[in-house]
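Worksheet: one structure, shown below.
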Number of protein chains: 2
Amino acid sequence: MQHKTLGRRPGSPATREAILGAARKAFGAAGFERATIREIAQRAKVDPALVLHYFGSKDGLFSAAMALPIDPQQFAARILADGIEGAGVRLAHAFLALWEEPRLAGQVRGILRAAVSHESAAASLRAFIEGQVVGSVAGYLGEDARLRAELAGSHLVGLAFARYILRAEPLASAPLDEIVALVGPALQGYFSGAAQGGPQ
Amino acid sequence: MQHKTLGRRPGSPATREAILGAARKAFGAAGFERATIREIAQRAKVDPALVLHYFGSKDGLFSAAMALPIDPQQFAARILADGIEGAGVRLAHAFLALWEEPRLAGQVRGILRAAVSHESAAASLRAFIEGQVVGSVAGYLGEDARLRAELAGSHLVGLAFARYILRAEPLASAPLDEIVALVGPALQGYFSGAAQGGPQ
DNA sequence: CCGCTAATTCAACGTTTGTAGAATTAGGCC
DNA sequence: GGCCTAATTCTACAAACGTTGAATTAGCGG
């Protein structure tokens, strides 16, 4: 008999989310190493020990804060629902939209930052990409589809890095639509299998 | 009168290079934050204080170790010497060759890792890309050439990240020629689509 | 041999970090 | 009100870090 309802209610709703929000902001802005538990706790207006009470360790906090907010299965389905043509543009648009969303910006930035500096985070992202992302799109393509899908993905990751982390000009300030119009055909080339030129 | 020739000769040739080599290895493998001066000194078989005697600080050591080993002016000229057609394939090949070279692998990996986690390193790389790399190639292209050049560069950076840092399969194990054959046309799309300007 | 200079080492300081454990507070059920 | 439980805070530790300044060693010219 688990009298789970005894005592004070667990999982206070507000503070836990406040900690996660502060963690996403800190990890996204400073990366895993430079973000400190003390700073995150201060932003969330709680004691540092409370952070570890909830998440066990700094790694645990990171994993909880950086859990991917999207379902790749669904993501891929939406991109490819209307057929293979135009998929490049739709993919570029949908991917960049993730980074433009203020609520998600810190999260995705933190994931990328951590994947670069932290081996366990890299392993996690690697497994996610190999198992979920590439698998979701491989069914729609042919022979060397997995390689092609990863090449398209690598372009998107590099694009996000240059625009949102490095902030190199003129890429960082270019309007979204202009980028989508240029990147879309390049991605389409990987899907269609044909060498692709610029926009006609 | 500077009697510079008095006393013991400065700049002992061997140890300084040993420190730089160890630093490149450490920074490339672990990133700026996780690499420690003590570890670098131990690998170079010197005292940690000697490292700072030579380079002043950890940042100074990093700057010295990560100074870019290539001249982008010359790099771009070699890619575009034989004309615009085939430039995509040549660029993909030349860029990936940098990462395959064992002597340079740690260095370029460290530069990318640091640009992600360290703001000053990001600023340095950003200035380098905006001023040198993009400038070197912009003369060969027309109107929106800078944006197109950066998009092509972002693809290459993302490719290096996925293959050499994240090591996502099947990309990490794919033969170089196969990747070049697929990526080349994607890059070519950015070059050929632009209004042609010719070198100025 | 002596003195200058720089390479090189030794030992230590002060800070920051993640983390652990005890102590306290507060909410819900009997 | 009393008890149970979990949220929350307080205090502190132990390790690792970058950095410093003094001390020592070694090469070279006079």
Exercise. Quick one: B:Lys58 NZ to D:dA16 P, roughly how many Å, whole number?
Worked result: 15 Å

Seminar exercise, completed: A:Arg16 and A:Phe55 have their tightest heavy-atom pair at NH2-CE2, 3.7 Å

For this session: Rounded off to whole Å, could you give me the CZ-to-C1' distance for the A:Arg16 and D:dT8 pair?
Result: 15 Å

For this session: Assign A:Ala41 to base, sugar-phosphate, or nothing according to its heavy-atom contacts below 4.0 angstrom with the strands shown.
Result: nothing

Seminar exercise, completed: When rounded to whole Å, the CG to C1' distance for the pair A:Leu50 and C:dT19 reads 14 Å

Exercise. Within the structure, does a side-chain N or O atom of B:His53 lie under 4.0 Å from either OP1 or OP2 of C:dA6?
Worked result: no

For this session: Please determine if a side-chain N or O atom of B:Tyr54 lies less than 4.0 Å away from the OP1 or OP2 oxygen of C:dT8.
Result: yes

Problem set entry | Gap between atoms CG and C1', on B:Asp47 and C:dA6 respectively (whole Å) | 16 Å

Exercise. Contact class for B:Ile37 (heavy atom, under 4.0 Å): base, sugar-phosphate, or nothing?
Worked result: sugar-phosphate

Exercise. Do any side-chain nitrogens or oxygens of A:Thr15 fall under 4.0 Å of OP1 or OP2 in D:dT8?
Worked result: yes

For this session: Using atom CZ of A:Phe32 as one end and atom C1' of C:dG18 as the other, report the distance to the nearest whole Å.
Result: 10 Å

Exercise. To the nearest Å, how far apart are A:Arg34 CZ and D:dC17 P?
Worked result: 15 Å

For this session: In whole angstrom, give the distance that lies between atom CD1 of B:Ile19 and atom C1' of C:dA7.
Result: 10 Å

For this session: Report the C-alpha distance between A:Arg146 and A:Glu150 in whole Å, list the side-chain angles of each, state the deciding distance to 0.1 Å, and finish with yes or no for salt bridge (Lys or Arg N to Asp or Glu O under 4.0 Å).
Result: CA-CA 6 Å; A:Arg146 306 179 81 86; A:Glu150 275 191 0; over 6 Å; no

Problem set entry | Pair B:Glu100 + B:Arg163, salt bridge at N-O below 4.0 Å | yes

Exercise. Given atom CZ of B:Arg38 and atom C1' of C:dT9, what is their separation to the nearest angstrom?
Worked result: 14 Å

For this session: Specify the closest pair of heavy atoms between A:Val183 and B:Tyr190, including all atoms of both residues, with the distance to one decimal.
Result: CA-OH, 3.4 Å

